[in-house]
Amino acid sequence: MKEYIEAAIAGVCKELFGVDVRVDLTRPDEQFGDFATNAALQLAKQVNKNPREVAEQIADHLKAQLGDKVAEVTIAGPGFINIKLSDSALVELAETKPDKKYDGKQVVSEYSDPSAFKVLHAGHLYTSVVGDAISNLLENAGGKVHRVNFGGDVGRHVAITMYAILRDLGGEHPEKLAEIPDDQHADWMSARYVEGNTAFEDDDQVKAEVTELNKRLYHLFTDNDHDSPFAQIYWTCRKWSYDYFDAFYARIGSHFEKYYPESETAPIGLATVKEQLAKGVYQESDGAVIFDGEKYGLHTRVFINSQGLPTYEAKDVGLIMKKWDDYHFDFSLILTDNAQGDYMTVVLKSIEQFAPELANATKHLTHGRVKLAGGVKMSSRKGNIVRAVDVLDIAEEVYKSTMGRDDEQAVLGAVKYAFLKQRLGADIIYDPKESVSLEGNSGPYVQYAHARARSILTKAETGDSKIENLGEGERSLLRKLSEYSDVIDKATNEFMPHHICTYLYELAQVFNRFYEKNRVIGDDRQAVRLQLVSRYADVLKNGLSLLGISAPDKM
RNA sequence: GCGCGUGUAGCUCAGCUGGAUAGAGCGUCGGCUUGCGGAGCCGAAGGUCGUAGGUUCGAAUCCUGUCACGCGUACCA
């Protein structure tokens with residue numbers, strides 16, 4: 001429908017003025033119409049005429065050409081042409097489905113990326129929620145989406161934790177791990193990480209020990225050591241970490257197809273970087289292997305350190321190679337904190353030198369940080385952090401105290417929506433109380449709107465009689481519903497789920513206004529109105545599900 | 001220093017491939033009220049869109065300078 005009208009306008013412009021115009025139909029304020037174009041304003045300059053005059057000529061021809069598709073074509077402001085569709089055309093427009101931009105494509109979506117041995121903090125919750133939503137969008141657009149997770153199970157942070165663990169156990173005594181209660185595994189390890197960091201920061205002796213431990217960690221893999229006391233401690237704690245991750249993802253409804261632990265990508269990265277070192281992509285410098293990003297206006301980074309160990313850079317190179325081996329992706333998405341922006345640009349630039357098809361099919365998306373209202377910083381090294389579960393628990397408490405009951409789905413919806421409704425990129429301020437507010441633009445509001453609509457639908461059978469002769473409120477609702485596919489396309493193309501939140505909230509508002517004045521059950525218009533309510537409920541449900549939020553029929 | 005990002009109402013944010021009176025929510029003030037689920041609806045107050053220029057018929061949106069904050073800038077991730 002949209003394309004049809006755009007083509008019609010372009011045709012009229014060509015016919016009247018002999019000029020090719022790139023017509024861009026926009027959705028104006030409802031008071032102006034369903035579609036608007038500034039074609040006349042563009043043309044006026046080219047043909048040296050008054051914009052309004054040009055607009056009037058176009059409007060006249062357009063109305064004749066579009067016939068029964070339009071109710072009226074009007075001119076407003078400096079020369080905008082506003083088009084109001086006929087009811088039947090609006091009904092047709094509302095049938096539009098989102099684009100299948102990724103139809104049949106193999107897509108790898110990497111996000112969340114927690115590090116083994118470390119605690120999951122509010123940022124992990126945020127990035128998981130956003131990653132889920134974006135992955136849902138890609139899937140909705142026809143992609144075969146593989147959700148994967150990358151995380152450090154080797155490297156300095158693990159060595160630091162192992163240092164403190166060994167100290168706590170009084171040496172390499174794996175049997176002592178049994179003394180730690182099952183439900184305290186994760187907390188115990190994150191406490192060790194904080195301790196280890198403190199010791200590491202102000203003691204050179206500890207630094208040396210940690211460096212040594214780090215080497216031993218890599219040897220566990222190269223030697224396939226599962227039996228030495230040191231190995232037993234490592235593997236036990238590592239499993240505790242992954243169990244802890246699994247439990248968390250289950251709680252928030254995230255599902256990953258695969259974990260890529262760094263221990264798995266490190267050897268691939270190391271081999272690849274060494275191979276490309278020989279071909280001149282990477283260089284040796286001060287005993288380390290680097291990529292000279294400055295040649296490309298970027299900065300230089302170390303891929304293999306002077307100990308011969310792969311850094312995160314090399315592990316990421318290995319990861320991309322591994323993903324390619326596993327999926328032969330058409331598109332690969334990586335979602336991280338924006339602190340990694342420049343870093344990833346360098347890594348991808350280096351890969352571009354020897355595997356351009358992989359680098360070019362990879363998109364690095366970044367988001368801001370979750371900050372606590374009041375400006376408290378979060379650092380897992382210092383331990384003064386808000387854990388991911390704290391965010392959920394606090395939300396649960398607030399919900400319970402305001403509503404007087406528990407509702408797991410509403411709480412999860414509230415937190416996810418609070419994170420998703422903001423545009424990706426900038427930091428987000430998380431206020432444990434306000435962001436979970438149940439009024440206004442919130443998850444529970446939209447969920448409730450859905451439950452309310454479903455409740456109406458249970459009271460009478462919805463038929464399929466023709467939707468026509470729309471009243472004011474009915475038309476506003478259908479008009480808003482007709483925007484849905486555009487919104488999904490935009491969110492998908494821009495990787496910006498917040499567009500969906502904005503839309504669903506606006507839609508619910510339009511419905512509430514309609515509902516305030518129009519009776520559904522028992523009215524002469526019941527048949528038509530029930531269908532509108534049904535479509536409305538379906539759009540809410542579909543939109544929420546793309547956001548990873550449930551849409552219960554009752555709340 | 002250089003690079004990237006962000007600065008819109010008291011607070012939290014939409015709007016940013018230039019367009020019509022800059023929009024929401026929260027908060028404040030005032031109405032509706034036993035409703036087909038009021039977690040709602042209607043209204044009011046509240047903004048030099050950080051700042052100074054530039055481009056344009058038209059700038060919150062594009063360009064340049066500048067200020068503020070955040071992040072990054074070789075062996076952490």
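Below, each value reflects all heavy atoms present in this structure, side chains not excepted, and no hydrogens, waters or symmetry copies. Order of the sequence lines fixes the chain letters, A, B, ..., with proteins taken first and strands second; residue numbering starts at 1 for each chain.
Side-chain proximity of A:D427 to the nucleotides B:G40, B:G70, B:A74 is greatest for B:G70. Distance from the side chain of A:E262 is smallest for B:A77 among the nucleotides B:C76, B:A74, B:A77. Here the side chain of A:Y399 is nearest to one of B:G37, B:A39, B:A77, namely B:A39. With B:G25, B:G72, B:C13 as the choices, the nucleotide that has an atom nearest any side-chain atom of A:R301 turns out to be B:G72. Here the nucleotide nearest the side chain of A:H498, chosen from B:G15, B:A77, B:C76, is B:G15. Distances were taken from every side-chain heavy atom of A:A339 (C-beta onward) to each of B:A77, B:C71, B:C75; the shortest belongs to B:C71. The side chain of A:Y445 lies closest to B:A39 when the candidates are B:A39, B:A14, B:C36. Closest contact between the side chain of A:E439 and the listed nucleotides B:G19, B:G27, B:A77 involves B:G27. When distances run from any side-chain atom of A:Q340 to the nucleotides B:A77, B:C36, B:C26, the shortest one goes to B:A77.
Heavy atoms of A:A451 sit under 4.0 angstrom from at least one base atom. Using a 4.0 Å heavy-atom cutoff across all strands shown, A:E506 reaches no nucleic acid atom at all. A:N518 comes within contact range of at least one nucleobase, with a heavy-atom separation under 4.0 Å. Using a 4.0 Å heavy-atom criterion, one finds that A:R513 contacts the sugar-phosphate atoms exclusively. Within the 4.0 angstrom heavy-atom criterion, no nucleotide atom of any strand lies near A:N493. If you check every strand for non-hydrogen atoms under 4.0 Å, A:D337 touches nothing. Across all strands shown, A:K315 has heavy atoms under 4.0 Å from sugar-phosphate atoms exclusively, and none from any base. Using a 4.0 Å heavy-atom criterion, one finds that A:T311 contacts the sugar-phosphate atoms exclusively. Across all strands shown, A:L298 has no heavy atoms under 4.0 Å from either base or sugar-phosphate atoms. Among the protein residues, A:A76 comes within range of the nucleic acid bases, having at least one heavy atom under 4.0 Å from a base atom. Within the 4.0 angstrom heavy-atom criterion, only backbone atoms of the sugar-phosphate kind lie near A:R156; the bases stay farther away. Heavy atoms of A:T502 sit under 4.0 angstrom from primed sugar atoms or phosphate atoms, though from no base atom. Counting non-hydrogen atoms under 4.0 angstrom, A:Q447 reaches nothing in the nucleic acid. Within 4.0 Å of A:R405, counting heavy atoms only, lies at least one base atom of the nucleic acid.
Put simply, the side chain of A:S285 and the base of B:A74 share a donor and an acceptor less than 3.5 Å apart. The base of B:A20 sits within donor-acceptor range of the side chain of A:N82, with an N or O pair under 3.5 Å.
For the pair A:V520/A:V533, a side-chain contact is recorded, criterion being any heavy-atom separation below 4.5 Å from C-beta on.
One P atom belongs to B:C69, the other to B:U8, and the distance between them is 15 Å to the nearest Å. Nucleotides B:C67 and B:U51 are separated by 7 Å at their C1' atoms, to the nearest Å. Taking atom C1' in both B:G43 and B:C16, the straight-line distance is 31 Å, to the nearest Å. Using atom P as the reference point in both B:U64 and B:G3, the two lie 11 Å apart (nearest Å). Spacing of P atoms, B:G27 relative to B:G18, comes out at 37 Å, to the nearest Å. Here, B:A24 and B:G46 have their P atoms 15 Å apart, quoted to the whole Å. For the C1' atoms, the distance linking B:G25 with B:A39 amounts to 14 Å, nearest Å. Going from the P atom of B:U6 to that of B:G15 covers 12 Å, rounded to whole Å.
More than 12 heavy-atom neighbours from other residues, nucleotides or ligands sit within 6.0 angstrom of CD on A:Q31. Counting heavy-atom neighbours within 6.0 Å of A:K274 NZ, excluding the residue itself, gives a total of 12 or less.
Figure legend: A:K349 and A:F291 shown without cation-pi pairing, the cationic atom not lying both under 6.0 angstrom from the six-membered ring centre and within 45 degrees of its axis.
In this model, the phosphate group of B:A39 is approached by a side-chain N or O of A:Y448 to a distance below 4.0 Å at OP1 or OP2. For the pair A:Q509 and B:G25, the criterion of a side-chain N or O lying under 4.0 Å from OP1 or OP2 is met. In this structure, A:K459 reaches the B:G37 phosphate: one of its side-chain N or O atoms is under 4.0 Å from OP1 or OP2.
In summary, the aromatic rings of A:Y193 and A:F117 are positioned with their centroids too far apart to meet the 6.0 Å limit.
Summarising the geometry, the separation between CG on A:N441 and P on B:G25 is reported as 9 Å, rounded to the nearest angstrom. Atom pair A:Q42:CD and B:U17:P shows a separation of 15 Å (rounding to whole Å applied). Atom CZ of A:R423 is separated from atom C1' of B:A14 by 9 Å (rounded to the nearest Å). Rounded to whole Å, the distance from OH on A:Y505 to P on B:G25 is 5 Å. Rounded to whole Å, atom P of B:C42 lies 7 Å from atom CD of A:E516.
Between A:Y312 and A:F150, the angle of the ring planes stays under 30°, which puts this pair in the parallel group of the 30/60° scheme. Using the six-membered ring where Trp is involved, A:Y536 and A:F511 have ring planes that are parallel, under 30° apart on the 30 and 60° scheme.
Under a 3.5 Å cut-off, the side chain of A:D553 and the backbone N or O of A:A451 do not form any donor-acceptor pair.
The pair A:E72-A:K84 fails the salt-bridge criterion, with no side-chain N (NZ, NE, NH1 or NH2) lying under 4.0 Å from an Asp/Glu carboxylate O. Between A:K323 and A:E110 a salt bridge is recorded (basic side-chain N to carboxylate O distance below 4.0 Å). Salt bridge annotation for A:R238-A:D153: present, with a cationic side-chain nitrogen under 4.0 angstrom from a carboxylate oxygen. By the 4.0 Å N-to-carboxylate-O rule, A:E516 lies too far from A:R513 to be salt-bridged with it.
In terms of the side-chain hydrogen bond (donor to acceptor under 3.5 Å, both in side chains) criterion, A:R519 has no residue partners (sequence neighbours excluded).
Here A:F80 lies parallel enough and close enough to stack on the base of B:A20, with planes under 30° and ring centres under 5.5 Å apart.
Within residues 342-351 of chain A, the residues approaching RNA chain B are A:D342, A:Y343, by heavy-atom distance under 4.0 Å. The stretch residues 24-40 of chain A comes close to RNA chain B through A:P28, A:Q31, A:F32, A:A36, A:N38, each having a heavy atom under 4.0 Å from the strand.
For the residue pair A:H364/A:T336, the side-chain donor-acceptor check at 3.5 Å is satisfied.
Residue pairs meeting the ring-ring contact (aromatic ring centres under 6.0 Å, His included) criterion with at least one partner in residues 437-458 of chain A, sequence neighbours excluded, are A:Y445-A:Y505. Each side-chain hydrogen bond (donor to acceptor under 3.5 Å, both in side chains) pair with one or both residues in residues 397-411 of chain A, not counting sequence neighbours, appears once here: A:Q409-A:S550.
Pairing analysis of RNA chain B (Watson-Crick: purine N1 to pyrimidine N3 plus N6-O4 or O6-N4; G-U wobble: N1-O2 and O6-N3; both under 3.5 Å) yields stems of 3 or more pairs at B:1-7 with B:67-73, B:10-13 with B:23-26, B:28-32 with B:40-44, B:50-54 with B:62-66.
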